[in-house]
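What you see is a predicted model; the values in this text were computed from it and never measured. Labels below follow one simple rule: chain letters A, B, ... track the order of the sequence lines, proteins then strands, and each chain is numbered from 1.
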Amino acid sequence: MYLLLAAHPHGATLQEVTQAGDPHPEAPEPRLISAKELAAVVRRLEQQGGQPPRWIWHRTRDWYPALLASGVELDRCYDLSLCGSILAYSQVTAHTEYARNADKITLDDLQQPLRALQPPPASAEQGALFDDPGHRSAPRHTAEELRAEYAAQQAALVSASPADNRRKRLQLLLAAESAGAMIAAEMQHAGVPWREDLHEQILADYLGPRPPLGHRPAKLEALNTELRGLLNSPGLNPDSPQELMRALHRNGIEVKSTRQWELQESKHPAIEPLLAYKKLSRLHTANGWAWLDAWVTNGRFQPEYVVGGVVSGRWASRGGGALQIPRQIRGAVHADPGHKLIVADASQLEPRVLVALAQDSKMAEAAKGKDLYAGIAAQGFGGDRAKAKVALLGAIYGATTGESGRLMPQLTRTYPRAVGYVEQAARDGEAGGTVTTRLGRSSPPPSEGWFQSQQSTTAEEQRRADSIARSRGRFTRNFVVQGSAADWAACWLAELRRRLRAMRADGSVQAELVFFLHDEVMVHVPEAGVEACIVAIEEAAKAAKELLFGPIPVEFPVSVAVVDSYDNAK
DNA sequence: AATATATGCGCG
DNA sequence: AAAGCGCGCATATATT
């Protein structure tokens with residue numbers, strides 16, 4: 001059953017449609033549901049017997065958080081905004097009317113938030129918000145508009161070529177992207193278990209007691225005093241790069257910037273305390289007491305995950321820097337009593353994805369073991385694992401200089417197919433073309449300005465144009481690998497969600513997905529459910545590989561850690 | 001005073 | 001200007 005939900009000034013319009021997006025011939029007319037009764041109606045439809053419906057809506061993040069807050073969890077959805085973005089740009093559907101009209105319909109339009117249904121009436125009193133005229137505005141999209149949009153998207157999908165399973169894979173991508181949107185909302189709803197007391201202990205150990213507002217913590221203050229002495233700069237504020245640079249120069253430390261890596265080169269006695277200051281200052285400003293106050297509530301860190309926030313298909317995030325939780329404070333991420341955290345990450349995901357994409361059998365040989373870099377080292381780098389790693393990552397990122405640049409010819413000799421694959425992607429990008437991930441997400445085309453920049457006349461302009469072209473080549477080179485890895489991760493996540501939901505439904509294991517970061521997931525689970533969860537994580541990884549690549553002889557191993565505290569994972 | 005850009009650093 | 005991709009955030013600094 002396909003149920004379309006559209007915003008309405010007084011709540012929502014519900015309409016049953018066919019898979020293709022036509023009005024359902026036997027279903028009743030579209031039905032108006034008040035904001036107040038929405039959650040209950042959705043729950044009833046979700047739980048009536050048989051296969052749960054697929055909810056079709058403009059944007060998952062406008063609807064789902066409120067439903068979750070009301071205790072309603074759904075099985076499947078179709079996110080018109082996210083799927084529309086993919087279909088509008090995908091080369092798999094580039095020939096369709098949908099793609100041609102895309103900039104008219106379109107993304108700008110689709111990505112505007114719907115204002116009609118504001119966040120959840122979590123309680124009866126808050127429901128009153130809806131009666132406040134100030135919060136009411138006409139919805140941007142009627143049910144009919146959304147139905148037509150859905151029908152157009154399905155038509156585009158159906159007219160994609162079935163050859164080589166491209167259509168099937170694109171369909172899979174749309175399903176995975178929509179599932180990802182639900183998972184993102186569910187993870188935000190659940191939050192990462194965060195022990196404020198442990199976090200404060202960590203801060204106290206590194207920085208000293210919590211200082212009054214606007215003051216440096218004791219340890220930073222002490223380091224600052226030491227620095228001022230060592231650099232003969234009594235008024236120095238080391239947080240000011242300009243002041244710091246001048247002070248360093250006065251003391252004969254000839255750096256061009258105040259970055260760590262450059263400072264490390266100097267032997268001056270002020271360097272050590274300076275680096276220590278920078279390290280601690282970073283902790284204080286980025287994840288100190290202010291961070292804790294702002295982002296952790298009732299023992300949970302609840303960042304917003306932005307599905308579709310990165311063109312490659314990776315997720316972005318908002319609030320609290322969820323994608324950059326530093327190692328220093330991971331000890332504060334701690335399972336509830338009687339629970340464990342299962343932290344699983346896909347080992348060396350991007351290189352393995354490259355192996356599968358390029359069908360490089362020689363590199364697949366190297367990828368047989370758990371440690372791909374060791375395998376590569378044994379085959380072509382005299383057993384030097386570090387070298388092998390630098391070379392391979394350099395190929396994926398487009399390194400031209402430095403050690404990894406120098407190692408490229410050696411890598412190319414041993415693995416012409418794998419290197420050839422990313423080289424081709426780079427050349428496509430340099431020429432202004434677009435590239436596509438395994439499941440069919442395409443890189444955005446260059447802007448018109450880009451093509452203009454390539455029409456250069458003078459030698460100086462030409463140099464600049466080449467540099468811009470190469471930069472785009474590095475982007476497309478990386479896009480095919482990073483984006484296909486994101487395809488894999490999306491399927492992994494969706495498959496894992498399915499399994500966890502099944503276990504929750506049969507009452508066996510109450511496990512929750514609480515964190516996701518590119519190639520890593522965290523599940524919070526009662527101790528008794530740990531084994532079942534590990535199986536689910538591993539099975540989901542296998543399933544993801546099959547879905548993307550079929551039965552090819554490339555493994556995507558996951559490393560799993562069962563811990564009380566995140567800092568004990570890997 | 002408000003807003004935009006640069007710097008630096010954290011994560012994958 | 002860290003070789004070489006992607007992101008977010010806090011602070012300093014520049015611009016209006």
Side-chain angles (χ1 to χ4, degrees), chain A residues 214 216 237-245 255-265 274-275 277-291 294-295 303-330 333 343 345-351 353-354 389-408 411 422 425-426 429 435 437 443-444 467 470-486 488-489 515-522 566 569-570:
Chain A
R216 285 194 180 90
N237 168 17
D239 298 322
S240 160
Q242 291 177 343
E243 272 187 47
L244 182 57
M245 184 91 91
V255 286
K256 294 195 291 298
S257 77
T258 60
R259 287 170 156 82
Q260 278 177 32
W261 64 266
E262 197 173 339
L263 293 172
Q264 275 161 11
E265 304 301 303
L274 176 54
L275 291 175
Y277 179 92
K278 280 176 159 284
K279 193 83 190 156
L280 292 183
S281 170
R282 168 80 192 179
L283 173 63
H284 177 232
T285 55
N287 295 99
W289 292 276
W291 184 91
W295 300 113
E304 180 183 353
Y305 299 90
V306 187
V307 178
V310 184
V311 285
S312 66
R314 276 187 173 182
W315 294 8
S317 76
R318 251 197 303 267
L323 307 186
Q324 31 175 161
I325 300 170
R327 293 227 133 72
Q328 281 171 312
I329 59 157
R330 291 189 181 185
V333 180
V343 182
D345 77 275
S347 315
Q348 304 144 349
L349 178 58
E350 292 194 353
V353 162
L354 174 56
K389 181 174 179 177
V390 165
L392 190 47
L393 290 177
I396 292 172
Y397 294 147
T400 53
T401 63
E403 192 190 6
S404 73
R406 282 195 300 280
L407 291 169
M408 282 295 288
L411 192 73
V422 285
V435 295
T437 67
S443 63
S467 154
R470 278 196 302 276
S471 166
R472 189 176 149 76
R474 287 193 299 276
F475 167 67
T476 51
R477 169 198 295 270
N478 185 251
F479 183 96
V480 291
V481 178
Q482 186 186 108
S484 297
W488 182 91
F515 188 63
F516 170 63
L517 179 58
H518 308 324
D519 61 359
E520 172 181 334
V521 297
M522 186 186 292
Y566 191 18
K570 74 174 161 188

(request) Answer yes or no: is there a donor N or O on one side and an acceptor on the other, between the side chain of A:Arg314 and the main chain of A:Ala486, under 3.5 Å? (result) no
(request) Would you indicate what A:Gly398 reaches in the nucleic acid, counting non-hydrogen atoms under 4.0 angstrom: base, sugar-phosphate, or nothing? (result) sugar-phosphate
(request) Kindly point out which of C:dG6, C:dG8, C:dA10 is positioned nearest to the side chain of A:Ala316? (result) C:dG8
(request) Rounded to whole angstrom, note down the P distance from B:dA6 over to C:dA2. (result) 14 Å
(message) Whole angstroms only, please: what is the CG-C1' distance between A:Leu393 and C:dG4?
(response) 9 Å
(request) Determine the contact category for A:Arg406: base if any of its heavy atoms lies under 4.0 Å from a base atom, sugar-phosphate if only primed atoms, P, OP1 or OP2 are that close, otherwise nothing. (result) nothing
(message) Strictly below 4.0 Å: does A:Ser240 bring a side-chain N or O up to OP1 or OP2 of C:dT13?
(response) yes
(request) For A:Glu520 and C:dC7, give me the distance from atom CD to atom C1', rounded to whole Å. (result) 15 Å
(request) Let me know the distance between CG of A:Asp345 and C1' of B:dC11, rounded to the nearest Å. (result) 13 Å
(request) Calculate the interatomic distance between A:Lys278 atom NZ and C:dA12 atom P; express it in whole Å. (result) 12 Å
(message) Roughly how many Å apart are C:dA1 and C:dA14, using the P atom of each and rounding to a whole number?
(response) 14 Å
(message) For a quick check of understanding: with a heavy-atom distance under 4.0 Å over all strands, which category does A:Phe475 fall into, base, sugar-phosphate or nothing?
(response) sugar-phosphate
(message) On the nucleotide C:dG4, are OP1 or OP2 found under 4.0 Å from the side-chain N or O atoms that A:Arg474 carries?
(response) no
(message) From CG of A:Asn287 over to C1' of C:dT11, roughly how many Å is that when rounded to an integer?
(response) 15 Å
(request) Could you check which of C:dA10, B:dG12, C:dA3 has an atom nearest any side-chain atom of A:Asp519? (result) B:dG12
(request) Among the candidates C:dA10, B:dG12, C:dA3, find the nucleotide nearest to the side-chain atoms of A:Leu517. (result) B:dG12
(message) Does A:Arg259 reach a base, just sugar-phosphate, or nothing at all? Heavy atoms under 4.0 Å.
(response) sugar-phosphate
(request) Would you kindly give the CD-to-P distance between A:Gln242 and C:dT11, to the nearest whole Å? (result) 17 Å
(message) Using a heavy-atom cut-off of 4.0 Å across all strands, would you classify A:Gln260 as base, sugar-phosphate, or nothing?
(response) sugar-phosphate
(message) What is the separation between atom CG on A:Leu280 and atom C1' on B:dG10, rounded to the nearest whole Å?
(response) 15 Å
(message) Please check: side-chain N/O of A:Glu304 versus main-chain N/O of A:Arg318, any donor-acceptor pairing under 3.5 Å?
(response) no
(message) Base, sugar-phosphate or nothing for A:Lys256? Non-hydrogen atoms, less than 4.0 Å.
(response) nothing
(request) Pick base, sugar-phosphate or nothing for A:Arg477, based on heavy-atom distances below 4.0 Å to the nucleic acid. (result) nothing
(request) Look at all strands and tell whether A:Ile396 reaches a base, only sugar-phosphate, or nothing, counting heavy atoms closer than 4.0 Å. (result) nothing
(request) Look at the side chain of A:Ser484 and the backbone N and O of A:Val480, then say whether any donor-acceptor pair between them is shorter than 3.5 Å. (result) yes
(request) Starting at atom CH2 of A:Trp261, determine the distance to atom P of B:dG8, rounded to an integer number of angstrom. (result) 10 Å
(message) Considering every strand and a 4.0 Å limit on heavy-atom distances, what is the contact class for A:Thr285: base, sugar-phosphate, or nothing?
(response) sugar-phosphate
(request) Check whether any side-chain N or O of A:Lys279 sits under 4.0 Å from OP1 or OP2 of B:dG10, and answer yes or no. (result) yes
(request) May I ask you to verify if any side-chain N or O of A:Arg327 is less than 4.0 angstrom from the OP1 or OP2 atom of B:dG12? (result) yes
(request) Using a heavy-atom cut-off of under 4.0 Å over every strand shown, decide if A:Leu323 touches base, sugar-phosphate, or nothing. (result) base
(request) Could you tell me which nucleotide pairs with B:dG10 by Watson-Crick or G-U wobble geometry, both distances under 3.5 Å, or answer none if nothing does? (result) C:dC7
(message) Applying a 4.0 Å non-hydrogen cut-off, can you work out what A:Gly309 is touching in the nucleic acid: base, sugar-phosphate, or nothing?
(response) nothing
